[in-house]
Amino acid sequence: MADEKSRGSDQELAERPARRLAGKDLLGIQGLSVSDIEIILDTAESFKEVSTREIKKVPTLRGKTIINFFFEASTRTRTSFEIAAKRLSADAVNISTSGSSLVKGETLIDTAKNLEAMNPDCIVLRHSAAGAPHLLARLMRVPVINAGDGANEHPTQALLDMFTVREKKGKLAGLKVAIAGDVLHSRVARSNIYGFTKVGAEVHLTGPPTMKPPEVEGLGVQWHNSLRELIPEMDVIMMLRIQLERQGGGFFPTLREYSRFFGLNLEALKKAKPDVLIMHPGPMNRGVEISPEVADGPYSVILEQVTNGVAVRMALLYLLVGGVE
Ligand code: CP
């Protein structure tokens, strides 16, 4: 969590550990402790059931206002934040670049200050610039949640990924997790590297050598040049989308070649453990980094990741916006 904006007394915190997240920002997994992660995942577990009810609503955040401020396209993150807010009875307001005065040249800072003047209780921000949520968090009194900033972090995605793996495997520590593909440009990879290593999983990265981040050695993970050789050992294989919008090209010869060496298909999966989990944050490039048969097959938990995204985002809104009594 980033700078503290409000918290209870030390005694209160000892009695109610979840209280220490109240009023804080969620800017990256790097700023979370293992205990913070456990609190978020445990809280999400208790909220997951709400989405299976006939009336999918609890009064927890009645009277609160959540602003979803998205400067980049999103299907899963924006929708699930909106659904999460509504299932907690908060009011959700969505703002995108094209529908705002940003197109008239207003700056991010001025826009944020104007939004804050309307007294929201939380701002969820996605931006193409790494560090944009951090800048906003310094200016705003209310919690800011990073919904993805450039190639830096996507903390809520990593939390829902950890939630999904923990739910399926019953644990996180000791698991072997592969993150494969365009690691260099992926904020999902970065947040998952921080998250899974923090909770004691063994993280292995693979992709074209041109997509190996320069800082990989310092991250406590292992780099492999071959996805195929890694597959038999892994408990979890997370495929990454090629981020064509964040690269100038030249990282691999052709998509066909990329798919042949770094795509996951049924043939490659034959050597996997029988209980392997196949994950992808979406949106998928079907037939490039993952074949349709694998994406829709029995090992895939891709749509369960999406379902769990609502529960994890409900938990975060509850913990940060002050649902904790
Ligand atoms: N995983 C993810 O961030 O998807 P969206 O871009 O659709 O939100």
Side-chain angles (χ1 to χ4, degrees), residues 26-29 40-41 44 51 66-87 92-99 122-133 144-165 167 177 179-196 207 236-247 264 277-286 288-290 294-296 300-317:
L26 173 62
L27 301 178
I29 297 290
I40 295 164
L41 302 192
S51 294
I66 313 298
I67 296 184
N68 291 320
F69 195 9
F70 277 63
F71 282 73
E72 276 190 327
S74 169
T75 297
R76 282 146 288 268
T77 313
R78 182 162 60 178
T79 311
S80 61
F81 263 115
E82 184 176 355
I83 289 175
K86 287 179 172 168
R87 288 192 181 158
V93 179
N94 294 315
I95 302 175
S96 60
T97 317
S98 60
C122 180
I123 305 268
V124 179
L125 177 70
R126 170 170 288 190
H127 201 283
S128 57
V144 173
I145 299 179
N146 180 359
D149 63 325
N152 180 38
E153 278 225 43
H154 191 348
T156 64
Q157 178 70 43
L159 288 164
L160 74 88
D161 290 340
M162 285 189 275
F163 181 91
T164 305
V165 173
E167 186 178 59
V177 178
I179 302 177
D182 186 358
V183 182
L184 181 65
H185 301 100
S186 176
R187 56 194 176 204
V188 173
R190 208 149 276 117
S191 285
N192 270 306
I193 290 167
Y194 297 140
F196 278 100
V236 176
I237 302 173
M238 185 183 298
M239 301 306 297
L240 300 172
R241 180 173 71 89
I242 300 183
Q243 311 254 320
L244 293 168
E245 76 277 22
R246 291 193 211 287
Q247 40 176 282
L264 190 59
L277 297 183
I278 304 301
M279 306 180 78
H280 193 302
M284 291 182 273
N285 294 302
R286 282 176 179 262
V288 180
E289 70 261 2
I290 191 164
V294 173
D296 304 328
S300 169
V301 292
I302 293 169
L303 290 178
E304 288 173 73
Q305 289 173 258
V306 178
T307 301
N308 293 334
V310 175
V312 165
R313 289 167 179 132
M314 284 173 82
L316 286 167
L317 293 176

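Just so you know, ligand 1 is whichever comes first in the structure, and atom 1 is the first atom listed for that ligand. All values below come from the heavy atoms of this structure, side chains included, with hydrogens, waters and symmetry mates left out.
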Among all protein non-hydrogen atoms, which one is nearest to [atom], and what is the separation to 0.1 Å?
atom: atom 1 (N) of ligand 1; result: Pro281 O, 2.8 Å
atom: atom 7 (O) of ligand 1; result: Thr75 N, 2.8 Å
atom: atom 6 (O) of ligand 1; result: Arg126 NH1, 2.9 Å
atom: atom 4 (O) of ligand 1; result: Arg76 NE, 3.0 Å
atom: atom 2 (C) of ligand 1; result: Thr77 OG1, 3.6 Å

Quiz prompt | His154 and its side chain to side chain contact (heavy atoms under 4.5 Å, CB included) partner, picked from Ile29, Asn146, Thr77, Leu159 | solution =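 Testing His154 for a side chain to side chain contact (heavy atoms under 4.5 Å, CB included) against Ile29, Asn146, Thr77, Leu159 leaves exactly one candidate, Thr77.
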
Practice problem: Look only at interatomic distance and state if His154 has a nitrogen or oxygen under 3.5 Å from any nitrogen or oxygen of ligand 1. | Solution: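 Yes; the residue has a nitrogen or oxygen that sits under 3.5 Å from a nitrogen or oxygen of the ligand.
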
Exercise. Would you check if there is a donor-acceptor pair between the side chains of Gln305 and Asp161 at a distance under 3.5 Å?
Key: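 Yes, side-chain donor-acceptor contact under 3.5 Å.
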
Quiz item: Judged by modelled atom types alone, do Ser191 and Glu153 share a side-chain donor-acceptor pair under 3.5 Å?
Solution: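 Side chains of Ser191 and Glu153: pair found under 3.5 Å.
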
Quiz item: Should Ile237 and Met279 count as side-chain neighbours, where that means a heavy-atom distance under 4.5 Å?
Solution: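 A side-chain contact under 4.5 Å is absent here.
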
Quiz item: Does at least one non-hydrogen atom of Gly282 fall below 4.0 angstrom from an atom of ligand 1?
Solution: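 Checking ligand 1 against Gly282, which is what was asked, there is a heavy-atom contact under 4.0 Å.
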
Quiz item: Which atoms of ligand 1 have any heavy atom of Gln157 under 4.0 Å away?
Solution: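 Those of ligand 1 that fall under 4.0 Å from Gln157 are 1 (N), 2 (C).
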
Exercise. Answer with side chain, backbone, both or neither: which part of Glu72 has a heavy atom less than 4.0 angstrom from an atom of ligand 1?
Key: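 No part of Glu72 comes within reach of ligand 1.
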
Exercise. Report the residues that fulfil ring-ring contact (aromatic ring centres under 6.0 Å, His included) with Phe69, sequence neighbours left out, ordered by chain and then residue number.
Key: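 Checked Phe69 against ring-ring contact (aromatic ring centres under 6.0 Å, His included); matches are Phe71.
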
Practice problem: Report yes or no: is the cationic atom of Arg126 (NZ for Lys, CZ for Arg) under 6.0 Å from the centre of the six-membered ring of Phe70, at an angle within 45° of the ring normal? | Solution: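 Judged by the rule, Arg126 and Phe70 form no cation-pi pair.
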
Quiz item: With sequence neighbours left out, what residues match Asp296 under side chain to side chain donor-acceptor pair (under 3.5 Å)?
Solution: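 Once residues adjacent in sequence are excluded, the partners of Asp296 under the side chain to side chain donor-acceptor pair (under 3.5 Å) criterion are Arg286.
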
